[in-house]
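None of the values given here were measured: they were computed from a predicted structure. Any value given below was found using the heavy atoms of this structure, including those in side chains, with hydrogens, waters and symmetry copies removed.
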Amino acid sequence: QLGALDFAGGTVVHINAGVAGLVCAIILGKRTGYGKVSMAPHSLVMSAIGAALLWFGWFGFNAGSNLEANGYAVLAFANTLFATAVAGVSWFFAEWLFKGKPSLLGIISGCVAGLVGITPACGFVGIQGALAIGIACGVICFIAVAYLKKMLGYDDALDAFGVHAVGGIIGAILTGVFVDPALGGAGYVTDGWVGPTFGYDSAQIMIQVKAVLIAIAWSGVSAAVILTVLKYTIGLRVSEEAESEGLDLAEHGEKAYNP
């Protein structure tokens with residue numbers, strides 16, 4: 001019987017966290033002044049450095065999860081590198097096409113979306129699959145962040161839903177498509193009792209879809225229940241004054257940067 005392929009990265013972390021982030025953004029409400037005052041990133045230089053460190057560390061997560069140096073580790077490493085680069089470039093051109101100007105923040109966001117999308121697929125798909133996942137994550141996650149968020153009107157400061165949930169959904173479902181050896185995938189063990197026979201069944205796509213839907217429902221309902229209880233007990237938001245002066249100062253009595 002077939003099971004969902006490698007959902008530790010695609011679902012447990014990213015879809016769950018992204019959906020919970022969306023529910024939290026809706027229940028918590030928008031930041032004071034959202035849409036009226038500038039809320040640009042503090043430092044794009046630090047954002048770029050952080051993204052580079054994240055990308056480098058992701059190799060340890062994806063390739064290192066194989067626990068031994070063999071062809072699967074190399075496959076995971078290569079897919080992680082390639083899909084992330086493709087997603088960054090795809091977001092770059094999508095932003096350029098739809099908004100008229102590409103941005104460094106867009107490239108960073110695209111790279112993170114690519115890392116998310118390739119994670120459940122990195123040990124199963126070939127380079128062709130990594131290419132398709134990278135393009136899909138770059139373009140679709142851009143649309144989710146640039147247009148879906150505005151259309152639904154939620155305030156997701158870090159785009160947890162648009163990048164992580166959407167990217168995780170894309171990667172998880174496309175894993176079921178591109179694991180097919182005919183599309184360059186590695187296949188998976190279909191008869192472990194007799195011997196490690198590798199193959200593919202198109203039913204895997206619907207298995208991935210069902211697993212994604214279960215993850216969305218579980219995370220969304222659980223987050224909604226927990227946040228609602230907190231909202232009507234200890235509360236979820238700080239005062240407008242504390243929000244205005246910054247939580248570093250209000251909650252910890254210090255600032256990250258002093259003029």
Subject >> Set of side-chain contact (heavy atoms from CB on, under 4.5 Å) partners for Phe77, sequence neighbours left out >> reply: Phe59, Ala63
Original post:
How would you list, by chain and number, every residue that makes a side-chain contact (heavy atoms from CB on, under 4.5 Å) with Ser47, sequence neighbours excluded?
Top reply: Ile108
So, for [X] and [Y], which heavy atoms are closest and what is the spacing to 0.1 Å?
X: Ile27; Y: Lys231; value: O-NZ, 3.8 Å
X: Ala130; Y: Phe82; value: CB-CD2, 4.0 Å
X: Ser103; Y: Glu95; value: OG-OE1, 2.9 Å
X: Ile170; Y: Cys141; value: CD1-SG, 4.5 Å
X: Gly171; Y: Ala121; value: O-CB, 4.4 Å
X: Ala186; Y: Gly123; value: CB-O, 4.2 Å

Count I, L, V, M, F, W, Y as connected when their side-chain heavy atoms are under 4.5 Å apart, and connections chain through other members. Are [X] and [Y] then in the same cluster?
X: Leu230; Y: Val23; value: yes
X: Ile107; Y: Ile49; value: no
X: Val89; Y: Ile140; value: no
X: Phe98; Y: Val163; value: yes
X: Val209; Y: Ile214; value: no

With the side chain counted from C-beta on, respond yes when [X] and [Y] share a heavy-atom pair under 4.5 Å apart, and no when they do not.
X: Val238; Y: Glu251; answer: yes
X: Val125; Y: Ile118; answer: yes
X: Val177; Y: Leu183; answer: yes
X: Trp218; Y: Val19; answer: no
X: Leu81; Y: Trp55; answer: yes

Donor-acceptor contact present, side-chain [X] to main-chain [Y], <3.5 Å:
X: Thr233; Y: Val229; answer: yes
X: Tyr154; Y: Lys30; answer: no
X: Asn62; Y: Thr80; answer: no
X: Asn16; Y: Ile216; answer: no
X: Ser90; Y: Gly138; answer: no
X: Arg31; Y: Asp155; answer: no
X: Ser219; Y: Ala215; answer: no

Original post:
Which other residues end up in the same hydrophobic cluster as Tyr232, if Ile, Leu, Val, Met, Phe, Trp and Tyr are linked when side-chain heavy atoms come under 4.5 Å apart?
Top reply: none
Hey, what do you get for [atom1] ([X]) to [atom2] ([Y]), rounding to the nearest 0.5 Å?
X: Phe124; Y: Asn79; atom1: CZ; atom2: CG; value: 11.5 Å
X: Leu22; Y: Leu152; atom1: CG; atom2: CG; value: 7.5 Å
X: Phe178; Y: Gln204; atom1: CZ; atom2: CD; value: 14.5 Å
X: Ile15; Y: Ile169; atom1: CD1; atom2: CD1; value: 5.0 Å

So, [X] versus [Y]: side-chain donor-acceptor pair below 3.5 Å or not?
X: Gln208; Y: Thr175; value: no
X: Thr119; Y: Trp58; value: yes
X: Thr32; Y: Glu243; value: yes
X: Asn70; Y: Glu68; value: yes

**OP:** Could you walk me through whether Val212 and Ile173 pass side-chain contact (heavy atoms from CB on, under 4.5 Å), step by step?
**Re:** CA-CA 8 Å; Val212 164; Ile173 294 175; 4.1 Å; yes
**OP:** If the plane angle is over 60° it's perpendicular, under 30° parallel, otherwise tilted; pick one for Phe142 and Trp91.
**Re:** perpendicular
**OP:** Assign the ring pair Phe92 / Trp96 to parallel, tilted or perpendicular, where the plane angle (0 to 90°) is split at 30° and 60°.
**Re:** perpendicular
Original post:
Should the heavy atoms of other residues, nucleotides or ligands under 6.0 Å from CD1 of Ile143 be counted, would the total exceed 12?
Top reply: yes
Subject >> Atom OH of Tyr147 with >12 non-hydrogen neighbours under 6.0 angstrom >> reply: yes
Subject >> Identified side-chain contact (heavy atoms from CB on, under 4.5 Å) partner of Thr84 from the options Leu115, Val116, Val112 >> reply: Leu115
**OP:** Go through the steps to decide whether Lys99 and Lys101 satisfy the test side-chain contact (heavy atoms from CB on, under 4.5 Å), and finish with yes or no.
**Re:** CA-CA 6 Å; Lys99 290 198 167 184; Lys101 293 180 181 179; 5.9 Å; no
Subject >> Pair Asp159-Lys149, salt bridge (Lys or Arg N to Asp or Glu O under 4.0 Å): steps then yes or no >> reply: CA-CA 9 Å; Asp159 291 315; Lys149 181 169 68 171; 2.8 Å; yes
**OP:** Kindly indicate, with the supporting measurements, whether the criterion salt bridge (Lys or Arg N to Asp or Glu O under 4.0 Å) is fulfilled by Lys255 and Asp248.
**Re:** CA-CA 6 Å; Lys255 291 183 178 180; Asp248 283 349; over 6 Å; no
